[in-house]
Amino acid sequence: MIWRFINTGLNAGSFNMDYDLELVRNFSESPVLRVYQWKPYCISLGANQDFNAIDQRKTIADGFDIVKRPTGGRAILHAEELTYSVIYPVSSENTPKKIYREINLALRYGLTIYNPKFEKIELEHNQPHFPSFYKDAKSSLCFAVSAMNELNYKGNKVVGSAQRKIGDTILQHGSILCGSFHKKVVDYLNLPSADIEEIKNEIEQTTTELETILNEKINYNKLSQAIKQGFENHFNINFEDEIFSLTSLQVN
């Protein structure tokens, strides 16, 4: 099978989310793997999360974008990360749950190609009870808990993903945490100070980053190619590379 691979590099939050949706709208037959980053840094909110969940004035004053994701979940500060998105057709054989798991296995494969130390990254085997979780203050953060089949390193979440079925197509995207700047999201939450301190402790205990594991800076170009190769090996596919330009796909 031929897949499309697109590296769109650094772009603003609204562009990144619109581009993912346009890939869905323009989907024909070939699945798509896209990798990208964020400039400026951006806080994204889940599709059903209110903008008042964060201090919008402080966020903007500090130079960050604010955007809604088309998928679920809670607040994420997109900073020192490589973000991926996959556009994939749903069928009786390829259910959303199966696609979710296989994509995460491909990501794991790519991470082990980048560095063998990442072989200790494993899929989460438990599913939290989200109705109870969302009643807790820490539910304001997407990285506060690992869902089934997300990627953990020694019990700490290192890749967070979300998925949405649009027609007969799946959009799945997620953050591969490279540096620790994402933890600063707690400074922008509209919550009492006591809750903020609790969440700071929680995110320190439940997440980790590639740079923390390796004790060295991540080479984003190398990581992008490793993730691409991981998908090729896991899905037994070939990629058709696309040269990205701002005019290559119409984004409203």
Side-chain angles (χ1 to χ4, degrees), residues 10-14 16-17 36-83 121 124 126-148 150-164 173-215 217-218:
L10 292 153
N11 285 288
S14 58
N16 279 333
M17 295 299 90
Y36 54 99
Q37 294 173 265
W38 308 71
K39 186 178 181 180
Y41 291 167
C42 177
I43 293 181
S44 74
L45 303 169
N48 299 315
Q49 191 176 19
D50 196 287
F51 279 104
N52 291 328
I54 61 171
D55 185 334
Q56 298 175 63
R57 182 176 297 180
K58 175 177 170 58
T59 303
I60 294 170
D62 286 352
F64 301 154
D65 275 353
I66 304 171
V67 73
K68 277 283 191 90
R69 298 190 305 276
T71 51
R74 292 297 190 263
I76 302 172
L77 174 51
H78 302 281
E80 298 163 340
E81 69 174 59
L82 181 69
T83 315
I121 292 176
E124 173 63 46
N126 298 311
Q127 181 75 344
H129 186 255
F130 282 108
S132 299
F133 171 72
Y134 285 137
K135 295 178 182 178
D136 197 301
K138 65 186 180 183
S139 69
S140 298
L141 294 183
C142 209
F143 275 87
V145 65
S146 289
M148 176 77 78
E150 287 193 310
L151 295 177
N152 293 340
Y153 179 83
K154 295 184 177 180
N156 291 343
K157 189 171 178 176
V158 70
V159 180
S161 301
Q163 188 186 81
R164 178 181 171 186
H173 54 192
S175 301
I176 303 171
L177 298 179
C178 297
S180 61
F181 199 93
H182 69 99
K183 296 176 181 178
K184 293 183 181 292
V185 67
V186 296
D187 297 331
Y188 299 90
L189 299 178
N190 275 330
L191 289 172
S193 56
D195 289 339
I196 293 293
E197 288 304 312
E198 179 184 351
I199 293 172
K200 281 184 178 180
N201 293 331
E202 186 78 21
I203 198 169
E204 286 288 345
Q205 296 172 15
T206 59
T207 69
T208 191
E209 309 82 31
L210 303 186
E211 291 182 359
T212 301
I213 297 168
L214 298 179
N215 195 30
K217 290 293 184 182
I218 296 300

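In what follows, residues are counted from 1 in the order of the sequence shown. Only heavy atoms go into these numbers, but all of them, side chains included; no hydrogens, no water, no symmetry mates. This structure is a prediction, so every number in the text was calculated from the model and none was measured.
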Q) Looking only at heavy atoms, what is the nearest atom pair of Trp38 and Leu10, with distance? A) O-CD2, 3.7 Å

Q. Are Thr212 and Tyr153 side-chain neighbours, meaning at least one heavy-atom pair lies under 4.5 Å?
A. no

Q.
Could you measure the distance from the CD atom of Gln56 to the CD1 atom of Ile66? Nearest 0.5 Å is fine.
A. 5.0 Å

Q) Is there a donor-acceptor pair under 3.5 Å between the side chain of Asn16 and the backbone N or O of Asn11? A) yes

Q: Search all heavy atoms of Gly63 against all heavy atoms of Pro40 and return the closest pair with its distance.
A: O-CB, 3.3 Å

**Q.** Atom pair CZ (Arg74) and CD (Gln49), whose distance is rounded to the nearest 0.5 Å
**A.** 5.5 Å

Q) What closest approach, in Å, do Asn156 and Thr207 show between heavy atoms, and which atom pair accounts for it? A) CB-C, 3.8 Å

Q: Check for a donor-acceptor pair, side chain of Arg69 on one end and backbone N or O of Ala75 on the other, with a separation under 3.5 Å.
A: no

Q | Candidate pair Tyr36 and His173, rule side-chain contact (heavy atoms from CB on, under 4.5 Å), full reasoning | A | CA-CA 10 Å; Tyr36 54 99; His173 54 192; 3.9 Å; yes

Q: For the pair Ile76 and Val185, evaluate side-chain contact (heavy atoms from CB on, under 4.5 Å) and give the outcome as yes or no after the intermediate values.
A: CA-CA 7 Å; Ile76 302 172; Val185 67; over 6 Å; no

Q.
Going by side-chain hydrogen bond (donor to acceptor under 3.5 Å, both in side chains), name the residues that satisfy it together with Asp50, two or more places apart in sequence or in a different chain.
A. Asn52

Q) Relative to each other, are the rings of Phe64 and Tyr41 parallel, tilted or perpendicular (30° and 60° limits)? A) tilted

Q) Is the side chain of Glu211 donor-acceptor paired with the backbone N or O of Ser180 at a distance under 3.5 Å, no angle test? A) no

Q | Least distance between heavy atoms, Gly13 atom then Cys42 atom | A | CA-SG, 3.9 Å

Q | Val158 side chain near Leu210 side chain, heavy-atom distance below 4.5 Å | A | yes

Q. How about Phe181 and Glu81: do any of their side-chain heavy atoms sit closer than 4.5 Å?
A. no

**Q.** More than 12 heavy atoms of other groups within 6.0 Å of Asn48 CG
**A.** no

Q: Of all the heavy-atom pairs spanning Met17 and Pro70, show the shortest one and how long it is.
A: SD-CD, 3.7 Å

Q. Hey, does Ile203 have a side-chain heavy atom less than 4.5 Å from the side chain of His182?
A. yes

**Q.** Heavy-atom side-chain contact between Thr208 and Leu177 under 4.5 Å
**A.** no

Q: Rounded to the nearest 0.5 Å, what's the gap from CD on Glu80 to NZ on Lys217? Could you check?
A: 5.5 Å

(Q) On a heavy-atom basis, which atom in Asn152 and which in Lys157 lie closest, and how many Å separate them? (A) OD1-CA, 3.2 Å

Q: Could you walk me through whether Lys200 and Asp187 pass side-chain contact (heavy atoms from CB on, under 4.5 Å), step by step?
A: CA-CA 9 Å; Lys200 281 184 178 180; Asp187 297 331; 3.5 Å; yes

Q: Not counting sequence neighbours, which residues clear salt bridge (charged side-chain N to carboxylate O under 4.0 Å, His left out) with Glu209? List them please.
A: Lys183

(Q) Among Asp55, Ile199, Asp195, Ile43, exactly one meets side-chain contact (heavy atoms from CB on, under 4.5 Å) together with Leu189. Which residue is that? (A) Ile199

Q: Quick one: list whatever passes salt bridge (charged side-chain N to carboxylate O under 4.0 Å, His left out) with Lys39, sequence neighbours left out.
A: none

